[in-house]
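Scroll down for the structure; my scribbles are underneath it.
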Amino acid sequence: MSDNDLFEAETAALNAAYDVISKNDASGDEYRIALDNLAKNYHRLMRETRRLIASSDRKELELNTLNFKLEQLTSELDYKARHDNLTGVLNRGAVFDRAEHYLKSNPLSLIVLDIDFFKRINDEFGHPTGDAVLRELVQKLGSALGGAGEIGRVGGEEFTVLLPNVALNDASKIAEHIRMAIAGDVFSCFPCPLVTASFGVSWSDTNCDFEEAYGKADAALYKAKHNGRNRVESDLATVRNTALKPQEWPSPPTSRTLPLGAL
Ligand code: GH3
Ligand code: MG
Ligand code: MG
């Protein structure tokens, strides 16, 4: 669409005014008519422009609101893609991503824990009670850790705690602290019998493959199950390896993040 089509009336008024100006002998009436015509069109243009500005302001506001909602939805989706919807902790994919990220530049201790005889809880009390136990266990896990480490759910009733820059010895103490927090207290959703879990702990140096780190902790967990459950076992190969070079152990977490001294 050309300017002439868009501003047909205004262009006609302008051309008429130029015609009058270019005439040497134009009368006062001709000037008045041309000016009146120009003024009306000018006034109409101002009115339309105001209306357009107000409408574009409204559209800008709507766009900003939509953009804000889009950003909120994107971050909600991102959160949901990385978290377990039953317990709210990291899901399996996110645990692997975070662990691989840590291992690129830090050593990592890994705790794997699995609820003991969980199938019985489901069988005897029903699946919803089983779900409530999983949620309450995660709460107890969070309280016991006091902000240290990152909790993830890697399977049905199997959880991990990622502890970058924590020595195996300290990670084992942390696992024992969690074990006691779970076994030493009733679950409000499931008062009797007590819920217990078994623990496997591994330590892996920087650049170690997480599959390997996980395999070591899982083997230790298997041993904990085999040795009677409700106990903590550490990866023996790691114990031997780190015992040779304790000076290379990274610092434990500060007392602000976990009261290690109290363990
Ligand atoms: P163990 O001490 O050897 O670990 O025995 P277990 O009974 O805990 O282990 P098993 O692998 O035999 O059973 C795990 C059960 O966990 C079976 C499965 O139905 C249940 N489960 C897995 N995911 C969920 C879940 O999201 N909610 C509930 N309520 N149960 C689940
Ligand atoms: Mg189990
Ligand atoms: Mg299991």
Side-chain angles (χ1 to χ4, degrees), residues 76-99 108-145 149-163 171-172 174-204 209-238:
E76 262 173 47
L77 273 180
D78 185 52
Y79 184 89
K80 281 185 178 160
R82 299 172 47 72
H83 290 81
D84 169 46
N85 60 7
L86 179 70
T87 60
V89 294
L90 294 178
N91 63 22
R92 188 180 175 91
V95 166
F96 274 64
D97 285 351
R98 295 297 296 151
L108 177 80
S109 274
L110 172 69
I111 299 173
V112 179
L113 62 126
D114 182 288
I115 304 179
D116 297 327
F117 303 121
F118 187 62
K119 191 170 176 311
R120 280 190 207 162
I121 294 177
N122 273 333
D123 290 349
E124 288 174 33
F125 297 88
H127 209 266
T129 302
D131 283 355
V133 167
L134 291 172
R135 280 195 292 263
E136 199 168 334
L137 178 120
V138 164
Q139 281 168 15
K140 287 182 190 297
L141 196 49
S143 305
L145 283 165
E150 281 187 84
I151 306 169
R153 184 180 180 199
V154 284
E157 22 74 271
E158 188 170 320
F159 296 87
T160 52
V161 181
L162 302 177
L163 294 162
S172 301
I174 292 169
E176 181 59 20
H177 179 64
I178 300 169
R179 186 195 68 73
M180 288 193 303
I182 293 170
D185 193 15
V186 290
F187 276 54
S188 60
C189 65
F190 180 71
C192 180
L194 288 176
V195 177
T196 64
S198 300
F199 296 73
V201 188
S202 72
W203 180 88
S204 302
D209 184 41
F210 183 61
E211 294 278 355
E212 191 188 317
Y214 189 75
K216 290 187 294 188
D218 203 38
L221 168 65
Y222 180 81
K223 205 167 79 185
K225 291 280 182 189
H226 185 74
N227 288 346
R229 292 179 172 80
N230 188 20
R231 55 187 291 128
V232 176
E233 294 286 352
S234 299
D235 168 50
L236 270 185
T238 313

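First listed ligand is number 1; within each ligand, the first listed atom is number 1.
Here the closest non-hydrogen pair linking V133 and C189 is N-SG, 3.7 Å. Of all the heavy atoms in Y214 and L110, the pair that sits closest is CA-CD2, 3.6 Å. Here the shortest heavy-atom pairing between I182 and T196 reads CG2-CA, 4.3 Å. Taking each heavy atom of A183 and N230 in turn, the nearest pair found is CB-OD1, 3.7 Å. The shortest non-hydrogen separation linking D116 to K225 is OD1-NZ, 2.8 Å. Contact detail for W203 and S109: the closest heavy-atom pair is CD1-OG, 3.2 Å.
Scanning G156, S198, G130, A224 for the heavy atom closest to atom 22 (C) of ligand 1 points to G156.
Salt-bridge formation is not detected for the pair D84/R92: no Lys NZ or Arg NE/NH1/NH2 atom is positioned less than 4.0 Å from an Asp or Glu carboxylate oxygen.
F118 CZ: more than 12 foreign heavy atoms inside a 6.0 Å radius.
At least one heavy atom of R153 sits less than 4.0 Å from an atom of ligand 1.
Protein heavy atom in closest approach to atom 5 (O) of ligand 1: F117 N, 3.6 Å. Of the protein's non-hydrogen atoms, F118 N, 3.4 Å is the one closest to atom 6 (P) of ligand 1. The shortest contact between atom 7 (O) of ligand 1 and any protein heavy atom is with K119 N, 2.9 Å. In terms of protein heavy-atom proximity, atom 20 (C) of ligand 1 is closest to N122 ND2, 3.4 Å. The nearest heavy-atom contact from the protein to atom 3 (O) of ligand 1 is R229 NH2, 2.9 Å. In terms of protein heavy-atom proximity, atom 1 (P) of ligand 1 is closest to K225 NZ, 3.5 Å.
Remark: ligand 1 and L86 share no N or O pair separated by less than 3.5 Å (distance only, no angle test).
For L134, every heavy-atom contact with ligand 1 shorter than 4.0 Å involves the side chain, none the backbone. Of the heavy atoms in E157, only side-chain atoms (C-beta onward) come closer than 4.0 Å to ligand 1. Residue-level proximity to ligand 1 for D131 is carried by backbone and side chain together, each with a heavy atom below 4.0 angstrom. No part of E158 comes within 4.0 Å of ligand 1, judged by heavy-atom distances.
Residue contact annotation: E158 places no N/O/S atom under 2.8 Å from the Mg ion (ligand 3). Residue A197 does not count as close to the Mg ion (ligand 2), with no N, O or S atom under 2.8 Å.
There is a protein heavy atom closer than 4.0 angstrom to atom 27 (N) of ligand 1.
Looking at heavy atoms from C-beta onward, L134 lies in side-chain contact with R153 at the 4.5 angstrom threshold.
Note: angle at the Mg ion (ligand 2), from OE2 of E157 to OD1 of D114, is 100° (rounded to 10 degrees).
Side chain to side chain, E212 and S204 fail the donor-acceptor criterion of an N or O pair below 3.5 Å.
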